[in-house]
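The model shown is predicted, which means the values in this text are computed figures rather than measured ones. Per chain, numbering begins at 1; letters A, B, ... match sequence-line order.
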Amino acid sequence: MHRIAVRINGKAYGHEVEPRLLLVHYIREKARLTGTHVGCDTGNCGACTTLLNGQPVKSCLMLAVQANGAELTTIEGLAGNGLHQIQEAFLDKFAVQCGYCTPGMILSAYALLKANPKPEEGEIREAIEGNLCMCTGYQQIVDAIGHAARTMRMSGSR
Amino acid sequence: MLNLDELFVTRKWVGKPVRRDQDIRFIRGEATYVDDLEMECGHVAFLRSIYAHARIKRIDTSKAAALSGVLAVVTGEDVARETRPIVPRAITRPATQYVMAVEKVRYVGEPLVAVVAEDRYLAEDALELIDVEYEPLRPLVEIEDALREDAPLIFEEAGSNELLHEKLEHGNIEAAYREADLFVKERFRLHRYSSTPLENWAIIAKHEKGDDAFVVWANDQQPGRSTTNVCNMLGIPNSGLRLIVPDSGGGFGIKLAIWPYIVILCLLARRTDRAVKWVQTRREHLLAGTHAPDARVEIELALRRDGRILGLSIKDIQNDGSFIHTAGIYGLIKFATMVGCYDIGATRAELVSVVTNKGPTVQNRGVGKPTMIFVLERMVDIAARRVGLDPAEMRFRNFVQPGQMPYSTPSGEIYESGNYPECLRKALSLSGYEEFRKRKEEMREQGRYLGIGMSASIEPGTSNLGYYYTHRGLPEYMGNAEGAIVGVDYDGNVNVLLGSVDEGQGHATTTAQVVADMLGIDPGRVSMSTHLDSLISPFLGHSGCYSNKFNDVDLGAVIMATKKVRDKMLRIASHALGVEAGELTFRNGEICWAKDERRSIAFKEIATVAYKKILLLPEGMEPGLKEIAYYKNPAAKPPSKANFNVQLTHSNSVHMATVEVDVDTGAVTIVKYVIVHDCGTQINPGIVEGMAIGSTVHGIGAVLYEEFVYDENGQLLSTSFMDYLKPLAVGLPRFEVAHVESPCPTTLLGTKAVGEGGAIGSLAALANAVEDALAPFGVKVTSLPITPEKVVRAVRETGEI
């Protein structure tokens, strides 16, 4: 067992964990933050996307011990009690169907818009290439991210 | 269809793209999928067969059972002792199958042993300690293998590997053949694929020791049927199972087959007296979850020289793998759309369901209709070339015309409404069909190969559940229906419970829109839990989310229950205000006198009378303000071989795909994609558009990327999303979606199916487009998927994809 300490959404967590414990299982089962999902176990679907020190990572491809000392952001930490503009845009543009891919999709979009506040449609599509959605066919998600980019630019937020 | 002006007191919400604010939990990461439930559980892992076909000689679980942290180990032998076998729905030959492998394994991935341990990692460790001795048998992978004369029998008691073989004729097929001037015939091969919901299957089962009763949480798509199956197989009374379905991360039919695992989890819960949890891995899902079957289809059209199709013959052989519960269904359900959008007077169908050592099959999005429309729409293009007509003109000549509605197909399927020519006209115009033909020639001179393809398809909805028993006597299920409870709470807000579940369709918002317009309130005042609980939700054998029944019977039940509540509110208001009920009207959460709106009573006050100040109720009226209603589709016919309807609503669409094919790399790029869709009255166009596009992308995946590939030993080679490729945001076109609205006369709101259409129509549209692009090489598309490798080979050598 190894002792790890991480900050998730600004809150400190510390646990004894097995070295083989996946980060996604740590987030879900130890930190009890269940907005981060498991869809494929092989790093293809992106449902487990989490921000690790600001960068999107697939938390099913990392061990919890590798995240020791890191700052993590999950969907629950994106906007406090309200909704982030990306979340608003996902509602406005019908970018959610079953919701299972949504947290990972939103975090990938968040990382994109932080780096590139004015993405072209092709850039949006590339940014979510690692996130599978089985319901929407992506079009409304792409539109939502474009819409979020516009509202964020207008309000000057990042 | 009801008179909507009478039904609705406002027209503010139905028809508008109302935001899914009821589902805000999904956006915030606060949804509750089964795996999210906070509960102390034992964790389950399955040892699965490594052979496709083998006798089980010995299973030694002693070391696994002795591992510290292991709570229970259960084998197929235990299952056979403690449960009853699976009851098949459509097959005509006897076959015995349990929910785990007993004596024999029949596919790679079939569960052999279940282990419960303190955590999943430990349970997986325990699997490593189990020793199984197999006696391998000859694997029967493809249809041809299973039908060979010397093939071993997969189910010995069946006496054949064909579990269903049915020949059905409707209309005067011989006369059609006599009158025909020419015949076109082709053989097609369809592959195995699946719509793979992003959330895998997940179950928690808890045992209530005193009563030998179970509480189960599962992402089950048809709880109405699952509860019956599970209770029967465990031999417990219906009161012994409470099934709860929380949020579900997509279904697409694939979650209709979870109940065998619910049976296993209940056994494990009983053994351990612990709540036990199983969350399927993606590998398990792809290997031993469920697929759409692969198929071989021969189809022949009998035509007049002018292009009119007089008759259709089909021989359809489905590789149903090794799950007897649903075997045969893919064949039979084709009658929902056997003649597609066309006025074809006679059909002959030979339907065969073959068992093989491939994995289980279940009703994947569209169920058999994607295959039927694929072969039919390919044939219409082939026939058009034979008679020298443009494919669009060929379709115009054969369409069922709007004036023929309601139209009965030869087998008795009733198309209740639709304007097929208008959909095609619109699609031709949006896709720039005529201009494209010119552009194509110019591009070809530059060495680029572009093509355009179309398909016109029916999207049937609301299954008439008796259809697959038409040859086995009276079925256990018939027709289709759903139940709903609508109540006005103490605070005057409205609460809805439905017997169905939500797989991501936004039922709560759609329902809120309908109820809001019926009661003159804001949809924000209508809440609906989409979590089903068999103990408290209204419930029928049909209950669940499948075959696009929501817009029809589910909303039907909501409407009927809301009407009951509304009538009661009017009577209470009439009594309280001293005004005739006929003179009352609904306004912003109040009921008021039409002649003087100041005389009014708020919903909250009405609810107070109904629940609390019950002495103020009109004489003889029961207290309470909550009503239950069950609603059944009125068009369902009882099963009969001569005249039956498989499904009860019929949407339609035209898909037009423009593609470019790189003949050197074999890559197919979709340049433009137009969907013209008619699902009758739309309640929420934002949701409808998402379904139309999403289902189309399922079809695109099936045509261009996805295939469950088996080797000759029956080993599945595509067991992760690295090998089983799904469409990504990159590589898809921007879809143009347009609508035609032909309201359905047999549903209350005029609505029709919307969830499956794209998965049905897209296959042929793309295949026809690829064939058009490769016309200079004379390439014929007779199989799916259209992979780069097959394209290159077809262009260089074979001439056939």
Can you confirm whether [X] sits close enough to [Y] that some side-chain heavy atom of one is under 4.5 Å from a side-chain heavy atom of the other?
X: A:Leu132; Y: B:Leu728; answer: yes
X: A:Thr34; Y: B:Asp35; answer: no
X: B:Leu198; Y: A:Cys45; answer: yes

Side chain / backbone / both / neither for [X] at chain B, heavy atoms under 4.5 Å:
X: A:Gln140; value: side chain
X: A:Ile124; value: neither
X: A:Ile106; value: side chain
X: A:Thr42; value: both

Heavy-atom pair with the smallest gap, counting every atom of [X] and [Y]:
X: A:Tyr100; Y: B:Tyr33; answer: N-OH, 3.2 Å
X: B:Asp125; Y: A:Arg20; answer: OD2-NH2, 2.8 Å
X: B:Ile27; Y: A:Thr102; answer: CA-CG2, 4.3 Å
X: B:Gly250; Y: A:Cys98; answer: N-CB, 3.3 Å

query: For B:Ser248, which residues count as a side-chain contact (heavy atoms from CB on, under 4.5 Å) partner, sequence neighbours excluded?
result: B:Glu199, B:Asn219, B:Lys255, B:Glu503
message: Checking B:Ala729 now: which residues fulfil side-chain contact (heavy atoms from CB on, under 4.5 Å) with it, not counting sequence neighbours?
response: A:Arg125, A:Ile128, A:Tyr138
Using a cut-off of under 4.5 Å on heavy-atom pairs, state which of [options] scores highest against chain A.
options: B:Gly758, B:Pro197, B:Gly249; result: B:Gly249
options: B:Gly506, B:Pro727, B:Gly701; result: B:Pro727
options: B:Val730, B:Val697, B:Ile24; result: B:Val730

Less than 4.5 Å to any heavy atom of chain A: does that hold for the side chain of [X], its backbone, both, or neither?
X: B:Pro733; answer: backbone
X: B:Asp36; answer: both
X: B:Val737; answer: neither
X: B:His285; answer: neither

[X] side chain to [Y] main-chain N or O, any donor-acceptor pair under 3.5 Å?
X: B:Arg20; Y: A:Gln97; value: yes
X: B:Arg28; Y: A:Gly82; value: yes
X: A:Glu76; Y: B:Glu30; value: no
X: A:Asp41; Y: B:Arg282; value: yes

Taking the basic N atoms (NZ, or NE/NH1/NH2) and the acidic carboxylate oxygens, is any pair closer than 4.0 Å for [X] and [Y]?
X: A:Asp143; Y: B:Arg734; answer: yes
X: A:Arg32; Y: B:Glu38; answer: yes
X: A:Asp92; Y: B:Arg19; answer: yes

Pairs of heavy atoms under 4.5 Å with chain B: top-ranked of [options]:
options: A:Glu18, A:Glu88, A:Met105; result: A:Glu88
options: A:Gly35, A:Gly39, A:Gly122; result: A:Gly39
options: A:Val38, A:Leu33, A:Asn81; result: A:Asn81

To the nearest 0.5 Å, what is the distance between [atom1] on [X] and [atom2] on [Y]?
X: B:Arg365; Y: A:Met134; atom1: CZ; atom2: CE; answer: 12.0 Å
X: A:Phe90; Y: B:Asp23; atom1: CZ; atom2: CG; answer: 15.0 Å
X: A:Cys40; Y: B:Arg283; atom1: SG; atom2: CZ; answer: 14.0 Å

message: Within the supplied structure, the quantity of interest is the number of heavy atoms (other residues, nucleotides, ligands) at a distance under 6.0 Å from B:Glu40 CD; does it exceed 12?
response: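 Count not over threshold, so no.
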query: Quick one: which residues of residues 716-725 of chain B reach chain A at under 4.5 angstrom, heavy atoms only?
result: B:Ser720, B:Phe721, B:Met722
- line: Those residues of residues 22-30 of chain A that come under 4.5 Å of chain B on a heavy-atom basis, listed by number, are A:Leu22, A:His25, A:Arg28
